[in-house]
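One structure is given below, encoded as structure tokens.
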Amino acid sequence: MGVSYTFSPSVEYSRFEKNAGLKDSYAFGGTMGLGLGRYVELKVLGLIGQYDTRLGQLGGADSTLAPRLRQLPTRSVRTERWGLALQVNLLPGPIVPYLTAGTGLLRFRPEDDLRASESVYLMGGGGLMFTVASRYAIFAQVENLAYRYNPGAAFLRGEDLNRANLQPANFRQVLVTNWMGRAGMRLYLGGITSEVEEGLFSQHPANWRPVIDPFVGQLRFNRALDFPSSQRMGGFYLGLGLALGPTLNLRASTGGRSTRAD
């Protein structure tokens, strides 16, 4: 199938946890990608959403703080998510399960001329892709998005805090993990042969094979660890490998080794 190019408009539904400080809603955007054979795709992602704040439900608030949090104003926040993602297609056929992971930048732009803030995110998930016509597929996936930020500093002014009798110390940096569901259509722009009529991934490319990997090497330890200065190693790994094309292999293995301290 060779190298292909993809374009995927999509809509995403965000289900925020309480500490995110945002109400559940939708974002729109998509990806542009590069397919390296049938099984590996690299993508550039862009999604834009509009959400309302929900600071009154921040988790961990005690009974005296919760009423003051509910006095905070609701503010509309525009989010911009830009990043890179890797997709690995697991099986051939017209219905393709896949895994995906990525990272990038999440930018928050509150209304009322508040200063924009940014967080680095990590994402992981999986989905299914369905062939619907030559060069076209639809997909649905679920992913978990994780980032760190301070919702009070991101969405509030000093006057907002004063009105609710709060201080910046009442808010802190938190880890947020949100579940996202995304669906859309994928268009393959190149690298597809006539086999696409039978499904984008119709041929069986994956070859399972036993793997035996002998190895020799030497470890050098930092003096602070109070280990021998170096250690020679040798042994083997034994397992099962899955060939995803001529250049990519996935392996699961276990092994034995012998060591000798110098």
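A donor-acceptor pair under 3.5 Å links the side-chain atoms of Thr103 to the main chain of Tyr121, judged by distance alone.
To the nearest 0.5 Å, atom CG of residue Leu90 and atom CG of residue Leu128 are 9.5 Å apart. Within the model, atoms CG of Leu22 and OG of Ser14 stand 9.0 Å from one another, a figure rounded to the nearest 0.5 Å. To the nearest 0.5 Å, atom CG of residue Leu34 and atom NZ of residue Lys43 are 12.0 Å apart. Atom CD of Glu41 and atom CZ of Arg186 lie 5.0 Å apart (nearest 0.5 Å).
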Intermediate values then yes/no, side chain to side chain contact (heavy atoms under 4.5 Å, CB included), Asn178 and Tyr147: CA-CA 9 Å; Asn178 305 312; Tyr147 56 91; 3.2 Å; yes
Step-by-step side chain to side chain contact (heavy atoms under 4.5 Å, CB included) determination, Leu72 to Thr53: CA-CA 9 Å; Leu72 294 171; Thr53 57; over 6 Å; no
Chi angles and distances behind the side chain to side chain contact (heavy atoms under 4.5 Å, CB included) call for Leu156, Leu55: CA-CA 10 Å; Leu156 297 173; Leu55 299 173; 3.5 Å; yes
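Remark: aromatic rings of Tyr51 and Phe16 are close, center separation under 6.0 Å.
If you chain together hydrophobic residues whose side chains sit under 4.5 Å apart, Ile95 and Val132 fall into the same group. One hydrophobic cluster, built from ILVMFWY side chains closer than 4.5 Å, holds both Leu36 and Tyr5. Criterion: ILVMFWY side-chain heavy atoms under 4.5 Å apart, direct or through other members. Under it, Val11 and Leu47 are not part of a common hydrophobic cluster. Residues Ile138 and Leu187 fall within the same hydrophobic cluster, defined by Ile, Leu, Val, Met, Phe, Trp and Tyr side chains chained together at heavy-atom separations under 4.5 Å. Hydrophobic clustering, with ILVMFWY side chains joined whenever heavy atoms are under 4.5 angstrom apart, keeps Trp82 apart from Leu122.
Applying the ring pair (Phe, Tyr, Trp, His ring centres under 6.0 Å) test to pairs two or more places apart or on separate chains, those with a residue in residues 151-173 are Phe108-Phe155, Tyr149-Phe155. For residues 106-115, the set of pairs meeting the side-chain hydrogen bond (donor to acceptor under 3.5 Å, both in side chains) definition, not counting sequence neighbours, comprises Arg75-Asp112, Glu80-Arg107, Glu80-Arg109, Arg107-Glu118. Legend: salt bridge (charged side-chain N to carboxylate O under 4.0 Å, His left out) pairs involving residues 137-150, not counting sequence neighbours, sorted by first then second residue: Arg81-Glu143, Glu143-Arg182.
For the pair Thr31 and Ser10, the minimum side-chain heavy-atom distance is 4.5 Å or more. Side-chain contact check for Val88 versus Tyr98: every heavy-atom pair is 4.5 Å or farther apart. Between Leu42 and Leu84, every side-chain heavy-atom pair lies at or beyond the 4.5 Å cut-off. The side-chain heavy atoms of Val96 and Thr131, taken from C-beta on, include no pair separated by under 4.5 Å.
The nearest pair of heavy atoms linking Ala137 to Met129 is CB-CG, 3.7 Å. Pairing each heavy atom of Ala20 with each of Val176, the nearest pair is CB-CG1, 3.7 Å. Shortest non-hydrogen contact noted between Met185 and Tyr136 is SD-CD2, 3.9 Å. For the pair Thr100 and Gly126, the tightest heavy-atom approach, listed with the atom from each and the gap, is CG2-N, 4.2 Å. Taking both residues in full, the closest heavy atoms of Met123 and Gly125 are given as SD-N, 4.4 Å, listed atom of the first, atom of the second, then distance. Closest approach of Leu114 and Ala154 over heavy atoms only: CD2-O, 4.3 Å.
Taking Thr74 as the reference, nothing meets the side-chain hydrogen bond (donor to acceptor under 3.5 Å, both in side chains) condition, with sequence neighbours excluded. In this structure, Phe28 has no ring-ring contact (aromatic ring centres under 6.0 Å, His included) partners at least two apart in sequence or on a different chain.
Tyr13 OH: more than 12 foreign heavy atoms inside a 6.0 Å radius.
Cluster partners of Leu175: none. The rule joins Ile, Leu, Val, Met, Phe, Trp and Tyr whenever side-chain heavy atoms lie under 4.5 Å apart, and it links nothing here.
Between the side chains of Ser25 and Gln50, no donor N or O sits under 3.5 Å from an acceptor N or O.
Salt-bridge formation is not detected for the pair Asp160/Arg157: no Lys NZ or Arg NE/NH1/NH2 atom is positioned less than 4.0 Å from an Asp or Glu carboxylate oxygen.
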